[in-house]
Participant: 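Please see the structure below; I have some questions.
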Amino acid sequence: MALRKQSKEVYEILYPFILGLRPCEAIASLDRLVQNVTVHKLCQKRVITGVNGKSPGPSVHVREGDTLRVHAINKSPYNITLHWHGVFQQLSGWADGPEYTTQCPIQPGNSYIYEFTITGQEGTLWWHAHFQALRATVHGSLIIYPRKGRSGYPFPKPHKEYPIILGEWWNANVVDVENQALATGAAPNISNAFLINGQPGDLYPCSSNGTYELEVSHGKSYLLRIINAALNTQLFFKIASHNMTVVSVDASYTNPYVTDVVLVAPGQTTDVLLTANQSIGSYYMAARGYISASGVAFDNTTTTGILVYKHSNSSTPEMPTLPAYNDTDTAFKFNSNLTALVKSKTWKEIPPTVDENILMTVGLGLVTCGKSATCAGPLGQVFAASISNFSFQFPTKLSMLQAHFNKIKGIYNATLPNQPLVSFDYTNTSNSLNQSLVFTSKSTTVKEVKYNTSLQI
């Protein structure tokens, strides 16, 4: 990645999107040879889509108030877009990135320039592909520092900072995994491993040599910027014998919360302060899934990295005791203790009035398999997630934002209701396969709202 200062507040970041491009220095090297990246994981060689020849891709570091201009060049064999996960995108919706929502995808051999200003946010976010399942390997951190000349963090300045990106790995092409699920109607195949900064860790075969290690000095404090880049799984994260203090979630400061375990949902970020105050030695950091639904197949493996104290002679790291995969009490305790740091720079006051009240029910239902066909979902049908029993389907001809601005009909319909059309006991598990309720239908149905509308959802 090349970062080029263009003015006082504008940076240009040159990101060639490639199927295994060798690390490149600048946009001037676009005519260089592009070749596949072969990675070795779990005793296998696989070709993945990456950025600048690696996954996770390079971190982006900016200050609040900076403008980013990102030139994304797609040299992969797939359509691609870039989503800047969590960025408010105030008056810059074209730069948000979801395919066929704010833009048509960047086709192989083409490019697109994203430009937006980051305002009112400090902390950790991330960027990732937003086309099919490619974000499993195309992603990286987005670090937003306080604006120059303003006060720094609302907590003690750490000695050093490190991103901890939790990921998910399949011994397969992730696009094929998704396509197979769409073709059969079943849930996608579960992953084969979880990752810490791109590495599975010591508990997986053929993985010890690449295990992520973080060296710390006794008595120093560190800011760990934890990102869950896994596709489908909430993850418990823990470091043996160490407490962590949560200070920010999704680029919003929180009241300090001391905990020995963190739960991070897919797409979520959590910043924690860690003080290296234990005996000099080595300690595993570990992550594994939190799955509350019963009877659902899931990846029950554990990924590890190693926290190593400087001057340590320990050869066997201490392993933390992680919560059980279905430990809802621990999950609830953690989430219910996350509270906003009132009056901080990222704090937003709750609107005093509400313009519209909306009830959304989020569920996993079924759509019919089709004539003379049997699918692999429940009841021989096709899995389909839905909001208020409307299962969203992306357009294929034009992005919704372009259709909205150009007043082009037929791309989407703005008929999503404020309440579900059918009321029932939404949390009663006996309704899970109630055939009078479980079926939904696919459509590009949205709700339009005016700018500055206050919604209570």
Participant: Show, in sequence, the C-alpha distance, side-chain angles and deciding distance for Lys442 and Ser391, and conclude whether the side-chain hydrogen bond (donor to acceptor under 3.5 Å, both in side chains) test is met.
Facilitator: CA-CA 5 Å; Lys442 308 289 289 186; Ser391 187; 3.1 Å; yes

Participant: Is the shortest side-chain heavy-atom distance between Val264 and Phe236 below 4.5 Å?
Facilitator: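 A side-chain contact is absent here, since even the closest heavy-atom pair is not under 4.5 Å.
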
Participant: Would you mind reporting whether Asn335 and Leu263 have side-chain heavy atoms less than 4.5 Å apart?
Facilitator: yes

Participant: Would you say that Thr101 contacts Leu401 through its side chain, given a criterion of any heavy-atom pair below 4.5 Å between the two side chains?
Facilitator: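 Heavy-atom side-chain distance check fails, nothing below 4.5 Å.
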
Participant: Take Thr301 and Asp299 through the test side-chain hydrogen bond (donor to acceptor under 3.5 Å, both in side chains) and record every step on the way to the result.
Facilitator: CA-CA 6 Å; Thr301 64; Asp299 182 345; 2.6 Å; yes

Participant: Report the relative orientation of the aromatic rings in His61 and Tyr145; use parallel for angles under 30°, tilted for 30 to 60°, perpendicular for over 60°.
Facilitator: parallel

Participant: Please test Leu398 against Ile408 for side-chain contact (heavy atoms from CB on, under 4.5 Å), starting from the C-alpha separation and ending with a verdict.
Facilitator: CA-CA 9 Å; Leu398 198 68; Ile408 298 173; 3.5 Å; yes

Participant: Is any NZ, NE, NH1 or NH2 atom of the basic residue among Arg147 and Glu64 found under 4.0 Å from an Asp or Glu carboxylate oxygen of the other?
Facilitator: yes

Participant: First locate atom CG of Leu379, then atom CG of Leu366, and finally report the distance between them rounded to the nearest 0.5 Å.
Facilitator: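 One finds 6.0 Å between CG of Leu379 and CG of Leu366.
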
Participant: Can the ring centroids of Phe116 and Trp84 be said to lie less than 6.0 angstrom from one another?
Facilitator: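 Yes; Trp84 has its ring centre under 6.0 Å from that of Phe116.
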
Participant: Output yes when a side-chain donor or acceptor of Asn74 lies under 3.5 Å from a complementary backbone atom of Tyr78, and no otherwise.
Facilitator: yes

Participant: Will you find, in the side chains of Gln90 and Thr119, an N or O donor that is under 3.5 Å from an N or O acceptor?
Facilitator: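 Yes - a donor-acceptor pair under 3.5 Å links their side chains.
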
Participant: Does a donor on one side chain sit under 3.5 Å from an acceptor on the other, for Gln199 and Ser207?
Facilitator: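 Their side chains do not contain a donor-acceptor pair, so the 3.5 Å distance test is not met.
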
Participant: Measuring from atom CD of Glu99 to atom CD1 of Ile106, what distance do you get when rounded to the nearest 0.5 angstrom?
Facilitator: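 The CD atom of Glu99 sits 11.5 Å away from the CD1 atom of Ile106.
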
Participant: Determine whether Ile143 and Val62 make a side-chain contact, defined as any pair of heavy atoms from C-beta on separated by less than 4.5 Å.
Facilitator: no

Participant: When the ring planes of Tyr283 and His242 are compared, do they come out parallel, tilted or perpendicular, using 30° and 60° as the limits?
Facilitator: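 Plane angle over 60°, so perpendicular.
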
Participant: Can Ile239 and Leu224 be said to form a side-chain contact (heavy atoms from CB on, under 4.5 Å), step by step?
Facilitator: CA-CA 11 Å; Ile239 302 174; Leu224 305 185; 3.9 Å; yes

Participant: Taking the side chain from Lys238 and the backbone from Met319, do they hold a donor-acceptor pair closer than 3.5 Å?
Facilitator: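 Not confirmed, Lys238 side chain does not pair with Met319 backbone.
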
Participant: Describe, in one word, how the ring planes of Tyr257 and Phe334 are oriented to each other, choosing from parallel (under 30°), tilted (30 to 60°) and perpendicular (over 60°).
Facilitator: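 Taking Phe334 first and then Tyr257, their aromatic rings sit tilted (interplane angle of 30° to 60°).
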
Participant: Report yes or no: does Thr259 contribute a side-chain atom to a donor-acceptor pair with the main-chain N or O of Val261 at less than 3.5 Å?
Facilitator: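 Confirmed, Thr259 side chain pairs with Val261 backbone.
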
Participant: Kindly indicate, with the supporting measurements, whether the criterion side-chain contact (heavy atoms from CB on, under 4.5 Å) is fulfilled by Ile227 and Leu166.
Facilitator: CA-CA 6 Å; Ile227 300 167; Leu166 308 178; over 6 Å; no

Participant: Just wondering, do Leu214 and Val308 contact through their side chains at under 4.5 Å, heavy atoms?
Facilitator: no

Participant: So do Phe237 and Ile164 actually touch side chain to side chain, heavy atoms under 4.5 Å?
Facilitator: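 Contact flag for Ile164/Phe237 side chains = yes.
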
Participant: Check the pair Phe405, Trp94 against ring-ring contact (aromatic ring centres under 6.0 Å, His included), reporting the backbone distance first and the verdict last.
Facilitator: CA-CA 11 Å; Phe405 274 99; Trp94 297 108; 5.5 Å; yes

Participant: May I ask you to check whether His130 and His83 place their ring centers less than 6.0 Å from one another?
Facilitator: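 When the ring centroids of His130 and His83 are compared, they turn out to be within the sub-6.0 Å range.
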
Participant: Using a 6.0 Å cut-off, check whether atom CG of Asn406 has over 12 heavy atoms from anything other than its own residue.
Facilitator: yes

Participant: Working to the nearest 0.5 Å, report the span between CE of Met285 and CG of Leu274.
Facilitator: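 Spacing of CE (Met285) from CG (Leu274) equals 8.0 Å.
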
Participant: Determine which pairs satisfy salt bridge (charged side-chain N to carboxylate O under 4.0 Å, His left out) with at least one residue from residues 160-187, sequence neighbours left out, and list them in order.
Facilitator: Glu161-Arg225

Participant: Do you know the tightest heavy-atom contact between Ala384 and Val367?
Facilitator: CB-CG1, 3.8 Å

Participant: Between Asp202 and Thr304, does the side-chain hydrogen bond (donor to acceptor under 3.5 Å, both in side chains) criterion hold? Intermediate values first, please.
Facilitator: CA-CA 6 Å; Asp202 288 348; Thr304 57; 5.0 Å; no

Participant: Nearest 0.5 angstrom please: Asn326 CG to Ser294 OG, how far?
Facilitator: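 Answer for the CG-OG pair, Asn326 versus Ser294, is 9.5 Å.
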
Participant: Hey, could you give me the OG1/CD distance between Thr81 and Gln132, rounded to the nearest 0.5 Å?
Facilitator: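 Between Thr81 OG1 and Gln132 CD, I get 11.0 Å after rounding to 0.5 Å.
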
Participant: So, for Trp126 and Arg135, which heavy atoms are closest and what is the spacing to 0.1 Å?
Facilitator: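 Looks like CH2-NH1, 4.1 Å.
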
Participant: Which pair of heavy atoms, one from Pro188 and one from Val177, lies closest together, and at what distance?
Facilitator: CB-CG1, 4.2 Å

Participant: Would one find more than 12 heavy atoms of other residues, nucleotides or ligands at under 6.0 Å from atom NZ of Lys348?
Facilitator: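 More than 12 heavy atoms, drawn from other residues, nucleotides or ligands, come within 6.0 Å of this atom.
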
Participant: Measure from the side-chain N and O atoms of Ser399 to the backbone N and O of Gln402, and report whether any donor-acceptor pair falls under 3.5 Å.
Facilitator: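 Checked: pair present.
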
Participant: Mind checking whether Phe390 and Ser443 have side chains closer than 4.5 Å, heavy atoms only?
Facilitator: yes

Participant: Tell me whether His85 contacts the main-chain N or O of Leu125 through its side chain, where contact means a donor paired with an acceptor under 3.5 Å.
Facilitator: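 No.
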
Participant: Please report the shortest heavy-atom distance between Trp169 and Val39, naming the atom on each side.
Facilitator: CH2-CG2, 3.7 Å

Participant: Determine, stepwise, if the pair Tyr153 / Tyr253 fulfils ring-ring contact (aromatic ring centres under 6.0 Å, His included).
Facilitator: CA-CA 9 Å; Tyr153 301 137; Tyr253 293 119; 7.1 Å; no

Participant: Any side-chain heavy-atom pair from Ser292 and Tyr290 closer than 4.5 angstrom?
Facilitator: yes

Participant: Please check if the side chain of Asn389 supplies one atom and the backbone of Phe439 the other of a donor-acceptor pair under 3.5 Å.
Facilitator: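 Yes, Asn389 side chain to Phe439 backbone: donor-acceptor pair under 3.5 Å.
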
Participant: Is the number of heavy atoms from other residues, nucleotides or ligands within 6.0 Å of OH (Tyr325) greater than 12?
Facilitator: no

Participant: Taking all atoms of both residues into account, what is the closest heavy-atom pair of Arg288 and Leu322, and its distance?
Facilitator: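 Answer, listing the atom of Arg288 first, then Leu322: NH2-O, 3.6 Å.
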
Participant: Could you pull out the closest heavy-atom pair between Thr184 and Cys375, with the gap in Å?
Facilitator: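 Answer, listing the atom of Thr184 first, then Cys375: O-CB, 3.2 Å.
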
Participant: Could you verify whether a donor N or O on one side chain and an acceptor N or O on the other, from Thr269 and Thr124, lie under 3.5 Å apart?
Facilitator: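 Checked: Thr269/Thr124 side chains show no N/O donor-acceptor pair below 3.5 Å.
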
Participant: If we count only N and O atoms by modelled type, under 3.5 Å, do the side chains of Asp250 and Ser252 hold a donor and an acceptor together?
Facilitator: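 Per modelled atom types, Asp250 and Ser252 side chains form no pair under 3.5 Å.
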
Participant: Checking the side chain of Tyr222 only, and the main-chain atoms of Ser217 only, is there a donor and an acceptor separated by less than 3.5 Å?
Facilitator: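 Yes; at least one donor-acceptor contact below 3.5 Å.
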
Participant: List the steps, then state whether side-chain contact (heavy atoms from CB on, under 4.5 Å) holds for Glu115 with Val70.
Facilitator: CA-CA 6 Å; Glu115 184 169 334; Val70 180; over 6 Å; no

Participant: How long is the gap from OH on Tyr412 to OG1 on Thr444, to the nearest 0.5 Å?
Facilitator: 11.0 Å

Participant: Does either side chain, that of Thr67 or that of Thr117, offer a donor lying less than 3.5 Å from an acceptor on the other one?
Facilitator: yes

Participant: For Gln180 and Asn189, run side-chain hydrogen bond (donor to acceptor under 3.5 Å, both in side chains): C-alpha distance rounded to whole Å, both residues' side-chain angles, the deciding distance at 0.1 Å, then the answer.
Facilitator: CA-CA 9 Å; Gln180 181 185 22; Asn189 290 335; 3.1 Å; yes

